[in-house]
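Letters go in sequence order (proteins before strands), and every chain restarts at 1. Since the model is a prediction, treat every value here as computed from it, not as a measurement. Atoms considered below: every heavy atom in the structure, side chains included; atoms not considered: hydrogens, waters and symmetry mates.
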Amino acid sequence: GESVGLHLPTLSVQEGDNSIINCAYSNSASDYFIWYKQESGKGPQFIIDIRSNMDKRQGQRVTVLLNKTVKHLSLQIAATQPGDSAVYFCAENNAGNMLTFGGGTRLMVKP
Amino acid sequence: DTAVSQTPKYLVTQMGNDKSIKCEQNLGHDTMYWYKQDSKKFLKIMFSYNNKELIINETVPNRFSPKSPDKAHLNLHINSLELGDSAVYFCASSHDRGSLNFGNGTRLTVT
């Protein structure tokens, strides 16, 4: 699902499938990008980051892809689990110490 | 130990009142922030502060003011509360331009 500012899109996947969450960022000068996961009643938690000199970075079960040409960021979650159910945000750092967040995507994992 | 802690977790108050939310971080980070999350989960930066510089998002009403007694604390004071101030407020900290560590939020309800 694409992250937009006006509503919260939802991505529903079957447990065990792979998930792909997309994000369009706004500033071509942004040089650092982060994905956050927010569970109900909690603050956003860091998942993975990527700098603009890279186009792919892998973590444990997660991969972030960056396409600077079209200002697009994606988060891939392998073998999605019920514990992955949350709202996911991309964030960009374009100047100073300010992180700007995208609108978020709700991931629902069906058992 | 909680890295970024904010109190209270819930705050219910009437219009026109003045209230404060406290935030403390034990990570030794040099920059702290306040974010506002609305009912659609959109996260908006309000302030960025380190010992050198306060950066204010120009859209934040001047009824909101951050106060930092020391490097580990950044409190948020809100004067003359309005219904539209109802939201979840998150404190966060970071080192330089690194990723943010968030607290678990304060849900403010103005009646």
Side-chain angles (χ1 to χ4, degrees), chain A residues 1 3-11 21 23 25-27 29-53 57 59 62 64 73 75 85-108, chain B residues 2-10 21 23-25 27 29-60 66 68 74 87-107:
Chain A
S3 292
V4 297
L6 299 178
H7 66 279
L8 194 64
T10 298
L11 176 66
I21 301 172
C23 177
Y25 64 92
S26 57
N27 192 330
S30 295
D31 59 359
Y32 180 51
F33 305 86
I34 309 173
W35 279 100
Y36 284 88
K37 173 186 180 183
Q38 185 179 19
E39 296 175 286
S40 180
K42 296 185 177 179
Q45 293 177 293
F46 172 92
I47 301 174
I48 191 168
D49 59 1
I50 189 168
R51 299 207 177 266
S52 58
N53 61 353
R57 190 162 188 226
V62 294
V64 55
L73 198 65
L75 177 70
S85 294
V87 178
Y88 289 80
F89 295 93
C90 66
E92 61 181 303
N93 191 325
N94 49 30
N97 288 326
M98 293 285 207
L99 266 185
T100 302
F101 282 78
T105 297
R106 186 182 301 280
L107 176 65
M108 297 178 63
Chain B
T2 303
V4 180
S5 58
Q6 48 184 116
T7 56
K9 186 170 178 62
Y10 300 98
I21 306 172
C23 179
E24 176 183 5
Q25 55 97 2
L27 297 165
H29 286 164
D30 49 19
T31 306
M32 296 183 72
Y33 312 79
W34 278 102
Y35 278 81
K36 178 181 180 181
Q37 186 172 48
D38 63 22
S39 59
K40 293 180 174 59
K41 298 291 188 182
F42 188 67
L43 272 164
K44 180 179 175 182
I45 179 75
M46 300 177 71
F47 304 101
S48 163
Y49 182 79
N50 62 24
N51 58 2
K52 300 175 186 175
E53 188 177 19
L54 170 66
I55 300 175
I56 303 172
N57 184 322
E58 61 187 14
T59 66
V60 175
S68 181
L74 184 67
V88 182
Y89 292 84
F90 286 98
C91 178
S93 70
S94 74
H95 178 64
D96 290 335
R97 297 179 71 225
S99 66
L100 301 180
N101 286 75
F102 283 87
N104 281 329
T106 295
R107 181 174 295 277

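Annotation: side chain of A/P44 is not in contact with side chain of B/Y35 (no heavy-atom distance under 4.5 Å).
Listed here is the closest heavy atom pair of A/L8 and B/K41: CD2-CG, 3.8 Å. Of all heavy-atom pairs between B/L43 and A/F101, the closest is CD1-CD2, 3.8 Å. When every heavy atom of B/S99 is checked against every heavy atom of A/Y32, the shortest pair comes out as N-OH, 3.7 Å.
Residue B/Q37 touches chain A through its side chain alone, counting heavy-atom pairs closer than 4.5 Å. Using a 4.5 Å cut-off between heavy atoms, A/Q38 contacts chain B through its side chain alone, with no backbone atom that close.
B/N57 pairs by the side-chain contact (heavy atoms from CB on, under 4.5 Å) definition with B/K44, B/I45, B/T59, B/V60, not counting sequence neighbours. Taking the side-chain hydrogen bond (donor to acceptor under 3.5 Å, both in side chains) definition, one finds that A/S52 meets it with nothing, sequence neighbours left out.
The main-chain N or O of B/L100 is found under 3.5 Å from a side-chain atom of A/Y36 such that the two form a donor-acceptor pair. In this structure a side-chain-to-backbone donor-acceptor pair under 3.5 Å is present from B/N104 to A/G43.
B/K9 NZ: more than 12 foreign heavy atoms inside a 6.0 Å radius.
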